[in-house]
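Have a look at the structure below before the remarks.
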Amino acid sequence: AQSVTQPDIHITVSEGASLELRCNYSYGATPYLFWYVQSPGQGLQLLLKYFSGDTLVQGIKGFEAEFKRSQSSFNLRKPSVHWSDAAEYFCAVGGLNDYKLSFGAGTTVTVRA
Amino acid sequence: GAVVSQHPSWVICKSGTSVKIECRSLDFQATTMFWYRQFPKQSLMLMATSNEGSKATYEQGVEKDKFLINHASLTLSTLTVTSAHPEDSSFYICSASPGAQELQETQYFGPGTRLLVL
């Protein structure tokens, strides 16, 4: 069975500081990994995805994520957060010909001035 | 590109009535559309998967007769909550996946529909 764990329920970070959100997955085959961001009352926006190739993936809004197969992790990072990055972040896993995505419980990011 | 819209964005209805939510892919053809339900402060729960022109596949525990899904075209799927009750109040989000020309595994999400049943 596939599953995603986001160990941090809530993270508070100062504006301009770096941010790292953890994601660990369990998947029986080669995983396809995604990070989505959800602003209050909104749907999910795709930040980045990893299917294959370079394990360091660049996304939108200055985010990047690194796939580490040995650790079953796909952590999201941003060098310098902006107040507009305050949102809920979801990690998800799927696979080739596997239309179902399994989502983590999400991490709420609060940005303080 | 890859924009998905939902209508309405929010709806309030009386208990016992039916509510229809539309999901449209605006700039691509979606062979597969998904419907999720999200409770406050929780993750998304997949309710069903629909492919154009065929019956939807429902997840375990989701009542087919309660949540009617129609995927009549490659750009439109509808979710009808029949005989809605207060416990159906939730945030419903659809997503759409492009066809075989792109990686089908990428889902693009709509902005969601908040349903409140009184």
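When the shell of 6.0 Å around CD1 of A/Ile9 is examined, it contains 12 or fewer heavy atoms from other residues, nucleotides or ligands. Enclosure of atom NE2 in B/His7 is not indicated, since only 12 or fewer non-hydrogen atoms of other residues, nucleotides or ligands lie within 6.0 angstrom. Dense packing is recorded around NZ of B/Lys66, with more than 12 heavy atoms of other residues, nucleotides or ligands lying under 6.0 Å away.
Transitive grouping of hydrophobic side chains (ILVMFWY, heavy atoms separated by less than 4.5 Å) keeps B/Met47 and B/Val4 in distinct clusters. A continuous path of ILVMFWY side-chain contacts below 4.5 Å connects A/Val109 to A/Leu76, so both sit in one hydrophobic cluster. One hydrophobic cluster holds both A/Ile11 and A/Phe74 under the rule that ILVMFWY side chains link at heavy-atom gaps under 4.5 Å.
B/Leu44 has its side chain within reach of A/Leu44: a pair of non-hydrogen atoms, C-beta onward, lies under 4.5 Å apart. Contact of the B/Phe91 side chain with the A/Gln38 side chain is registered, since non-hydrogen atoms from C-beta on lie closer than 4.5 Å. B/Gln107 has its side chain within reach of A/Tyr36: a pair of non-hydrogen atoms, C-beta onward, lies under 4.5 Å apart.
Heavy atoms of A/Phe103 lying under 4.5 Å from chain B belong to its backbone as well as its side chain. Of the two parts of B/Gln38, only the side chain, counted from C-beta on, holds a non-hydrogen atom closer than 4.5 Å to a non-hydrogen atom of chain A.
For B/Tyr108 against A/Lys49, the heavy-atom pair with the smallest separation is OH-NZ, 4.0 Å.
Residue B/Phe109 holds its CZ atom at 6.0 Å from CG of A/Leu101, rounded to the nearest 0.5 Å.
Considering only heavy-atom pairs separated by less than 4.5 Å from chain B, the leading option among A/Gly43, A/Gly104, A/Ala92, A/Ser102 is A/Gly43.
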